[in-house]
Amino acid sequence: MERIQAPRGTSDVLPEDAERRLRLLRLCEETLGRAGYGPIETPAFEPTELFARGVGETTDIVEKEMFTFEDQGGRSLSLRPEGTAPVCRAYVEHGMHKLPQPVKLWYWGPFFRYEAPQAGRYRQFTQLGIEAIGSDDPSLDAESILLLSELLERAGARGVRVRLSSLGQPETRRAYSDELREHLRAREDQLSDDVRARLDRNPLRAFDSDHAGTRAALEDAPRLLDRLAPDDAEHFAEVRALLDAADQAYEVDGTLVRGLDYYTRTVFEFESSELGAQSALGGGGRYDGLVEQLGGPPTPGVGWAAGIERILLAADVPPAAQARAAFVVRADGGSTALAFSVARELRRHGVRAEMEQAGRSLKGQLKHADRLGADFVVIVGEGDLQVKDMESGEQRPVSSTADVIDLVAGSSG
Ligand code: HAM
């Protein structure tokens, strides 16, 4: 029969990688929990309208990258390409504006974008994200940046760089877009086809281009950062002052544009030099109009998301402390029931314990114990029980399961 393979751009996570991911998950839970963030889970699919309205009709994500389908009732649904719009939907749907503000949430789960697969870019990927909803205090912007920074450091990510900017208010951005469009129009023959085609709808995306002519045309272009309204400029200065006081390195980059339309004020991106073309480890910013746009009361918010697969490409996640390990060998005539219960008792006492279950010879079993990295081997023979310390090579007879536990787990608890 022909083999069936996983869809393009998806991958199975086998135990070794899955363990690294779980260690990272525990690190997140601890780091974010300490800062008062609570976990939230939202569905893997949502009404398509949520992303059209939240992320923006003209973004690449909504225009080209969503897995959209109709359910049996004719409703248009989409696999979630990102988590901020869903979390804001949940905030509104569950009346979270009545809770003490800000509501701080974190999530971890699968997201889906129909992109050309390459190293670090997948059609199903895992995001870790946080959202702090209900306050526009600049300390929340700074705190969220510092949390991602701390997390990446604890995860062992190498070559991390932070870019920071502010996009101001939608009105400022609109006026600036007109100004930039005019600037680029005057240099239209230098632009890439792609940028020229988007000039009407989204001239800011030109900053994402690596086309030489486009870059040259942008060199003397006006900068949004120079156009911010006074209170936005002040907000940005406060975010920066807090980051400076915390000794957080960052680079102000007025060309930073994010691929989602909901941003206002602060935006940032974390990159790693360890990654190739897909260098963004994570990114985020403030979205003070999003909750209202989804039918809720006017509510500011700020957050970020980071790609787990990319973090793992750029990081040496510290190994977890290994529990003591034992392997229960069955010698000729040894009781299966005894081997079975010894293994279970060992586990109850915190030992990682397995027993022989594949019909290997005695020699084969000892070799397997070695392969598993067992610290001890328990040999269940005909009417006798022995414990071998694999490090010292010392082997001694014992009279009961309790003795085995004493020797292996270090207590008869
Ligand atoms: P984003 O920049 O679109 O932001 O995605 C965040 C991170 O997800 C990226 O930096 C990258 O690490 C990872 N990522 C995105 N697409 C892929 C892919 N195809 N394959 C692998 N990894 C990927 C957002 O999604 C916003 N919701 C972030 C946010 C939260 N802003 C405010 N709150």
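These numbers come from a predicted model, not from an experiment. As the structure lists them, so they are numbered: ligands from 1, and atoms in each ligand from 1. Computed over heavy atoms, backbone and side chain alike; hydrogens, waters and symmetry mates excluded.
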Discussion item. Does either side chain, that of Thr266 or that of Ser166, offer a donor lying less than 3.5 Å from an acceptor on the other one?
Written reply: no

Worksheet entry | Gly282 neighbourhood, listing ligand 1 atoms whose heavy-atom distance to it stays under 4.0 Å | 10 (O)

Worksheet item: How long is the gap from CG on Leu24 to CD on Glu19, to the nearest 0.5 Å?
Response: 13.5 Å

Worksheet item: Which ligand 1 atoms does Tyr263 reach within 4.0 Å, using its non-hydrogen atoms?
Response: 26 (C), 28 (C), 29 (C), 31 (N), 32 (C)

Fill in: Proximal ligand 1 atoms for Arg121, defined as those under 4.0 Å from one of its heavy atoms
19 (N), 20 (N)

Item to complete: Could you tell me if any non-hydrogen atom of Gly301 lies under 4.0 Å from any atom of ligand 1?
Response: no

Worksheet item: Which part of Phe111 is near ligand 1, with near meaning a heavy atom under 4.0 Å away: side chain, backbone, both or neither?
Response: neither

Worksheet entry | Side-chain donor or acceptor of Glu82 paired with backbone N/O of Thr84 under 3.5 Å | yes

Worksheet item: With a cut-off of 4.0 Å, which atoms of ligand 1 are near a heavy atom of Gly284?
Response: 31 (N)

Item to complete: Please confirm whether the backbone N or O of Pro170 pairs with a side-chain atom of Thr172, one donor and one acceptor, at under 3.5 Å?
Response: no

Item to complete: Would you kindly specify which portion of Phe268 sits under 4.0 Å from ligand 1, judged on non-hydrogen atoms: side chain, backbone, both or neither?
Response: neither

Discussion item. With the threshold set at under 4.0 angstrom, would you say Arg258 reaches ligand 1 through any of its heavy atoms?
Written reply: yes

Worksheet item: For Glu131, is the nearest heavy atom under 4.0 Å from an atom of ligand 1?
Response: yes

Fill in: Aromatic ring pairing Phe327/His368, orientation class (parallel under 30°, perpendicular over 60°, tilted between)
perpendicular

Discussion item. Residue-level breakdown please: for Leu281 versus ligand 1, do any non-hydrogen atoms fall below 4.0 Å on the side chain, on the backbone, on both, or on neither?
Written reply: backbone

Worksheet item: Under 4.0 Å from ligand 1, counting heavy atoms only, is it the side chain of Phe270, its backbone, both or neither?
Response: neither

Fill in: Region of Phe125 engaging ligand 1 - heavy atom pairs below 4.0 Å
side chain

Practice prompt. Report yes or no: does Asp375 contribute a side-chain atom to a donor-acceptor pair with the main-chain N or O of Ala325 at less than 3.5 Å?
Written response: yes

Item to complete: Would you indicate which of Gly120, Ser279, Ser272 comes nearest to atom 21 (C) of ligand 1 when only heavy atoms are counted?
Response: Gly120

Item to complete: For ligand 1, note which part of Gln127 has a heavy atom under 4.0 Å away: side chain, backbone, both or neither.
Response: side chain

